[in-house]
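This structure is a prediction, so every number in the text was calculated from the model and none was measured. Only this structure's heavy atoms are used, side chains among them; waters, hydrogens and symmetry mates stay out. Whatever order the structure lists ligands and atoms in, that order sets their numbers, starting from 1.
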Amino acid sequence: MKAVAVTPGTPNSVHLEEISKPSVSDIAGGTGVLVRVLKVGVDATDREINEALYGNAPEGDQHLVIGHECFGVVEEVGENVRRVKPGDYVTATVRRPGGSIYDLIGTNDMTSEEEYYERGINLRHGFMTEYFVDEEEYIVRVPEGLRHLHVLMEPMSCAAKAVHQAYEAQARMKVWRPQVAYVLGSGQIGLLATLVLKLRGLEVYTLARGVAPNLKSEIVTGLEATYVSTAETSMADLVTQTGRPDLIIDATGSSQLAFEAMEHLGLNGVLVWTSITGGDRSIEVPSDQINLQWVLGNKLLLGSVNANRGHFEMGIKDLALGEMMFPRVLEKILTHPVDGLDSYEEMMRLLVEDKSALKVYVNVADE
Ligand code: BGC
Ligand code: ZN
């Protein structure tokens, strides 16, 4: 069967690879789930992997099958599988366990080992192929009523984790009643984080470069949050209008903006960084001022990567609630489909060049 792969270390190496079809019996103990892939989304991580800035092949292989945002249908299950059955719509978590205590309790996303294993990204093959098999533990059911949001499950899990981690960490406050949140960036993570925060009842400002109206501002407004173009209003100006935010989620992909956010967070607040900035840019920051304000304000900086099964489940619940509260808004994120694994070049081209492509995904197979 066909798979879309890269040769890690070689820039622009995306190609089709012929691989063998997996089977439930590849997984010991009767807990394997064979999934027929319907759709796979791509994001900046896939772009960086193809630019050879990121990612590694599994040991013993030259190639890495890419794709970590998957949506499919269960084809067959091992005899001990209980959670899903053939015909169910599913997605899969991305990170697989290493050996740390956090991996052993199912929180692979919090591994304390330097090396991490991620399907489609690092040391494990991904989902951009016709079928994949995995342990039941890593397969998450998607309700049929959300099937039109298909490849958003994985990015949503990362947004859900970022917000959940912020609340977990703020348990340090004993009482924490955040009112104002800023989301920096209006890519998929920014938009999905906007939803998660709205559902928690916050006043949400989503900041992005483009001047409204545009698709992103339409989605933000559809989620009853406020879209702010930084071309018109700086973060500092916004603070004079809203007061300092209690929570900031940075999803800009710009380390400069991630640091700029440090100058605006409110007292006792939390700033969450979610971008994987693969470059090596450095900037000057007003370090004395930031240091002083952060100490005097008991402020917290939190990094958040990946997501475990629990975050997928939270994210899926929020998508379901989001559809009830803001019907037909979230599907607007899914802007750029390409048809079939053969279209991998077009997929990469859209991902790299098309600035209007909010979400590129591959229709791998029809249902
Ligand atoms: C993926 C995460 C992953 C991260 C770092 C992101 O694009 O969505 O699941 O942990 O890259 O590799
Ligand atoms: Zn990703």
is_close_aromatic(His336, Tyr361), centroid dist under 6.0 Å: no
Heavy-atom donor-acceptor pair, Lys198 side chain to Glu203 backbone, under 3.5 Å: no
Output the list of atoms in ligand 1 that are nearer than 4.0 Å to some heavy atom of Ile276, sorted by atom number. 4 (C), 5 (C)
Please examine the side chains of His148 and Glu323, heavy atoms only from C-beta on, and report whether any two atoms are closer than 4.5 Å. yes
Answer with side chain, backbone, both or neither: which part of Val305 has a heavy atom less than 4.0 angstrom from an atom of ligand 1? side chain
Is there an N/O/S atom in Asp43 that lies less than 2.8 Å from the Zn ion (ligand 2)? yes
Where ligand 1 meets Tyr54 - atom numbers and elements under 4.0 angstrom, heavy-atom basis: 5 (C), 12 (O)
Charged N to carboxylate O below 4.0 Å: is that the case for Lys2 and Asp342? yes
Under 4.0 Å to a heavy atom of Asp43 - the qualifying atoms of ligand 1, by number: 7 (O)
In this structure, atom 7 (O) of ligand 1 is nearest to the protein heavy atom Thr45 OG1, 2.5 Å
Any chance the rings of His125 and His63 have centres within less than 6.0 Å? yes
Look at the rings of Phe71 and Tyr89 and say which category their plane angle falls in: under 30° parallel, 30 to 60° tilted, over 60° perpendicular. parallel
Could you check whether any side-chain heavy atom of Leu334 comes within less than 4.5 Å of a side-chain heavy atom of His150, counting everything from C-beta outward? yes
Ranked by distance from atom 10 (O) of ligand 1, the top protein heavy atom is Glu118 OE2, 2.6 Å
Check this for me - ligand 1, Glu154, N or O atoms closer than 3.5 angstrom, yes or no? yes
Got a sec: is His68 within less than 2.8 Å of the Zn ion (ligand 2) via an N/O/S atom? yes
Going by the 4.0 angstrom heavy-atom rule, the piece of Asp109 near ligand 1 is neither
Of the side chain and backbone of Glu69, name the one, both, or neither that has a heavy atom under 4.0 Å from an atom of ligand 1. neither
Can you get from Val6 to Phe127 by hopping between Ile, Leu, Val, Met, Phe, Trp and Tyr side chains that sit under 4.5 Å apart? yes
